[in-house]
Amino acid sequence: MIRVDRERELFRAFTPKATRQALQRLERGGWLRRIERGTYVQLGASRLDTRSTLALVADWLEGMPYAVAGTAALAHWNLSGHAPSVVDILVARQKRAVEYRGIRFVFHLTDPALFDDSGAVLTMKIEGARVPLRIVGPERALLDAARGVHALPLGVIADAFDRGLRFGSFNRRRLVAQARRDPVAARRIGWLAEQRHEPLADALASLVGRGGYVLLDPRGPADAPFNRRWRVTENATYDDLLG
């Protein structure tokens, strides 16, 4: 991976124009593939880039505060069985979306304090990358799926929750601790836990608070009865999720 702003020493003897011209010649020759302005993947003799998407992200964003999140994080932690076509990445400064190898990388501006939270963001080795990857942990990935304007449909949240229980993908104690900062996610996941007679429900119920009601299914209709225990508009049923 070549990132001009990071490998300044490599191009020290070149003018900016000469650097651009050299990179363009290598790209035309099939030795490099451009990801974004000033960033290229080295292809070598095979002219192929066969590394995993997350290995690519690790090398690409090295030295920047970031964390892989969204459905890519769910898939990495086995909370989803679907390979994502969009990779959501939390960043500390504005960055444009990028398309590469048929995958869209979308960058979301977030509170820089997140990147110092070792409980929410993990640094880990990943095959094919020369540096560790930064990714939200499984607990944070599940909570993120159930909160905010980008919350996923309840069926997807339920599948992630069920897989987490079945495969031991998340730690229950850490999930409750992190849910203290996300009362909306605590309500939706707590409701799911209650349907499954999971002891997590009682711990999450204590985090519900007294705020207004939220939709149980973020993508469902608003006209539904209120569930006072979880303070949700109960626009889905357990049978819906089973069907």
Side-chain angles (χ1 to χ4, degrees), residues 51-58 60-61 66-91 97-98 100-110 114-115 117-129 132-179 181-182 184-193 195-196 198 200 204 214-220 236 240-242:
R51 292 178 304 160
S52 72
T53 299
L54 295 187
L56 172 76
V57 170
W60 173 14
L61 301 181
Y66 80 93
V68 174
T71 54
L74 290 177
H76 177 76
W77 297 115
N78 204 17
L79 297 174
S80 170
H82 304 286
S85 58
V86 175
V87 176
D88 295 290
I89 303 173
L90 307 177
V91 290
V98 173
Y100 180 74
R101 291 193 326 199
I103 296 174
R104 184 170 174 80
F105 298 86
V106 180
F107 298 89
H108 304 276
L109 197 62
T110 194
L114 170 72
F115 305 114
D117 186 345
S118 59
V121 177
L122 305 180
T123 301
M124 58 183 300
K125 292 181 178 179
I126 188 161
E127 186 177 354
L133 173 75
R134 291 175 58 80
I135 186 169
V136 299
E139 299 82 16
R140 176 68 189 240
L142 177 61
L143 291 167
D144 282 350
R147 65 184 288 274
V149 296
H150 300 296
L152 300 175
L154 187 65
V156 178
I157 301 168
D159 182 56
F161 181 67
D162 287 344
R163 290 174 69 93
L165 294 176
R166 187 161 69 250
F167 300 124
S169 303
F170 57 73
N171 178 284
R172 288 171 170 80
R173 185 173 296 179
R174 280 200 299 269
L175 179 65
V176 173
Q178 292 188 27
R181 290 174 273 178
D182 290 311
V184 170
R187 296 180 194 188
R188 289 172 176 148
I189 295 171
W191 183 91
L192 290 170
Q195 307 310 305
R196 286 142 177 78
E198 163 61 44
L200 262 173
L204 291 170
V214 299
L215 294 177
L216 174 60
D217 184 345
R219 307 291 179 88
D240 291 338
L241 301 179
L242 291 177

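Quick note: numbers below take in every heavy atom, side chains included, and nothing from hydrogens, waters or symmetry partners. Just so it is clear, the model here is predicted, and its values are computed rather than measured. We number each residue from 1, following the sequence as shown.
For the atom pair Leu192 CG and Leu200 CG, the distance stands at 11.0 Å (nearest 0.5 Å). Taking CG of Leu114 as the reference point, atom OH of Tyr66 lies at 12.5 Å (rounded to 0.5 Å). Separating the CG atom in Asp162 from the CD atom in Gln195 is a distance of 11.0 Å, to the nearest 0.5 Å. Atoms CG and OG, from Leu79 and Ser169 in turn, are 5.0 Å apart once rounded to the nearest 0.5 Å. Between the CD1 atom in Ile189 and the CG atom in Leu142 there is a gap of 4.0 Å [rounded to 0.5 Å]. One distance of note links OG1 of Thr53 with CD1 of Ile103; it measures 3.0 Å at 0.5 Å rounding.
The shortest distance between side-chain heavy atoms of Val156 and Arg219 does not fall below 4.5 Å. Contact annotation: the side chain of Pro153 approaches that of Asp217 to within less than 4.5 Å [non-hydrogen atoms, C-beta and beyond]. Residues Trp191 and Arg187 have side chains not in contact (no heavy-atom distance under 4.5 Å, counting atoms from C-beta outward). Counting heavy atoms from C-beta on, the side chains of Val57 and Ile135 never come closer than 4.5 Å. Between Val98 and Trp60, the closest side-chain pair of non-hydrogen atoms falls below 4.5 Å. Within the 4.5 Å cutoff, the side chain of Arg181 has no heavy atoms near those of the Leu143 side chain. Between Val136 and His76 there is no side-chain heavy-atom pair separated by less than 4.5 Å. Using a 4.5 Å heavy-atom threshold, the side chains of Phe115 and Thr110 count as touching.
The list of salt bridge (charged side-chain N to carboxylate O under 4.0 Å, His left out) pairs with a residue in residues 133-146, not counting sequence neighbours, reads Glu139-Arg174, Arg140-Asp144, Asp144-Arg147.
Annotation for Ala141 and Leu74: closest pair O-CD2, 3.7 Å, computed over non-hydrogen atoms.
Shown here is Arg101, whose CZ atom has more than 12 heavy atoms of other residues, nucleotides or ligands within 6.0 Å.
Using the six-membered ring where Trp is involved, Phe170 and Phe161 have ring planes that are parallel, under 30° apart on the 30 and 60° scheme.
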